[in-house]
Amino acid sequence: MAAAAETLPDPAALLAWYDRNRRTLPWRASAGEAADPYRVWLSEIMLQQTTVKAAGPYFLRFLKSFPDVAKLAAAPLEDVLKLWAGLGYYSRARNLHACAKAVAERYRGRFPESEGELLSLPGIGAYTAAAISAIAFGRKATVVDGNVERVVSRLFAVEAPTPGAKPLIRRLAASLSPPGRWGDFAQAMMDLGATICTPRRPACALCPWSGPCAARKAGTQELYPRKAPKAVRPTRRGVAFWVEREDGMALVRTRPEKGLLGGMTEIPTGRWAEDVDLDATPAALEAEAPLAARWSRASGLATHVFTHFALELAVLTTRVPAATAAPDGARWVPIATLDGEAIPSAFRKVVIHAIGAARSAPQAR
DNA sequence: TATTCGTGGTA
DNA sequence: TTACCAAGAAT
């Protein structure tokens, strides 16, 4: 219908808004400058499910340690994991390294420009392939991230819940395509979602597309995107064992490459499960200890919340002679350099808990 | 298609 | 304090 065509959001209006409100971000080329594919790629990987604020410092540190894709490809994976520690979703770091090696070897250090080729690289999915193709190379691509999903679902008042509505949202997003400036348009859509069309209390008065927005017309903008109800988050429990050697070393292990916190350094723990009873007898709690020793229990629990479960760890501590050998699968590291290890946040909390307990009760049995 | 995968900030 | 959320990918 003619009326519908008149109310279609105008790409030019969004691009004009973008030009007036261009944000400066560490990885973003300034107006008129060519984007660096390596920086675009690195930032896009870091920004997956991660806020700009959290990724920023990591991006700058990575760029300093690994100025180009060749440097990153040549680095040991261990160094990459250490630098990534604390940012979360650690398979990203492993895939980042694998991708750098693939680009260095398969593409002679130059990122491919097409979505299809980018999609074949480790850690690059539909969103990231489109984003790199558009932002780094100016190619036509429909870039759909969480921001774009929200913007589009409101513009068209999409009633179907996500993630089922993703194909529809993608088609609608493609219908908004501009005649050119693909990279700017993609970033404009995401900036609009990040700064105006926010999850809560969107600033519709400042939105260049408030006119054609269906949800805005109905006053229901905060109800989109519709989402399927989430599963309840269970709590798993376990026991962590802090072993300090008299020469200032602590006992750690490396986690298996696959799965939760894959390849990262951990403090030894027993199994994590909902049925573990942290009020059990000391003997029961010590059953899974990595070595025989006199354990004392730190007060309270070290807690951490993952995406799909919460974790509560009782912390048992002990001190052993300097000659003590590390059990199979474990190793000693200097406590003084623990901060530089590839230790995820959950285990950093265990360390703080254990050391705090030792300080506040130095002669606890 | 549904799960699994972190972390820190915010209301 | 709880719940939600952030430039998703892999399986």
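In the text below, chain A, chain B and the rest are named by the order of the sequence lines, each starting its count at 1. Only this structure's heavy atoms are used, side chains among them; waters, hydrogens and symmetry mates stay out. Keep in mind that what you see is a predicted model, and the values were worked out from it rather than measured.
Listed by chain and residue number, nothing satisfies the side chain to side chain donor-acceptor pair (under 3.5 Å) test with A/Arg170 (two or more places apart in sequence, or in another chain).
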Point to revise | salt bridge (charged side-chain N to carboxylate O under 4.0 Å, His left out) between A/Arg237 and A/Asp277, worked out | key: CA-CA 7 Å; A/Arg237 300 172 192 82; A/Asp277 179 14; over 6 Å; no
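In the hydrophobic clustering of ILVMFWY residues, with side-chain heavy atoms under 4.5 Å counting as a link, A/Leu72 and A/Tyr58 come out together.
Taking atom CH2 of A/Trp84 as the reference point, atom P of B/dC5 lies 17 Å away to the nearest angstrom. Protein atom CD1 of A/Ile45 is 15 Å distant from nucleotide atom P of B/dG6, rounded to whole Å. One atom, NZ of A/Lys349, and another, C1' of B/dG6, lie 10 Å apart when rounded to the nearest Å. A/Phe306 places its CZ atom 6 Å from the P atom of B/dT7, with the value rounded to the nearest Å.
For the pair A/Arg61 and A/Phe59, the NZ or CZ position fails the cation-pi test of under 6.0 Å to the six-membered ring centre and within 45 degrees of the ring normal.
If you take atom P in B/dC5 and the same atom in C/dA7, they sit 23 Å apart, rounded to whole Å. On the C1' atoms, B/dG6 is 12 Å away from C/dA6, given to the nearest whole Å.
Of all nucleotides listed (B/dC5, B/dG9, B/dT7), B/dG9 comes nearest to the side chain of A/Lys53.
Residue-level contact check: A/Val143 touches neither bases nor backbone, having no heavy atom under 4.0 Å from any strand. Residue-level contact check: A/Leu87 touches the bases, meaning some heavy atom is under 4.0 Å from a base atom. Among the protein residues, A/Gly86 comes within range of the sugar-phosphate backbone only, with heavy atoms under 4.0 Å from sugar or phosphate atoms but none that close to a base. Nucleic acid contact class of A/Ala55 (heavy atoms, under 4.0 Å, all strands): none.
Aromatic rings from A/Trp182 and A/Phe137 are positioned such that their centres are separated by 6.0 Å or more. Taking the six-membered ring for Trp, A/Phe306 and A/His308 have ring centres at least 6.0 Å apart.
In terms of phosphate contacts, A/His308 brings no side-chain nitrogen or oxygen within less than 4.0 Å of OP1 or OP2 of B/dT4. Considering only side-chain N and O atoms, A/His304 lies nowhere under 4.0 angstrom from the phosphate OP1 or OP2 of B/dG6.
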Review point. Can you give one letter per nucleotide of nucleotides 5-11 of chain C, 5' to 3': B if a protein heavy atom sits under 4.0 Å from the base, S if only from the sugar-phosphate, - if neither?
Key: SBBBSS-
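When each of A/Val152, A/Thr142, A/Val151 is tested with A/Leu176 by the rule side chain to side chain contact (heavy atoms under 4.5 Å, CB included), just one qualifies, namely A/Val152.
No hydrogens or angles considered: a donor-acceptor pair under 3.5 Å links the side chains of A/Tyr127 and A/Glu44.
Residues from residues 262-277 of chain A with heavy atoms under 4.0 angstrom of DNA chain C: there are none.
Side chains of A/Leu42 and A/Trp27 form no contact here, defined as non-hydrogen atoms less than 4.5 Å apart.
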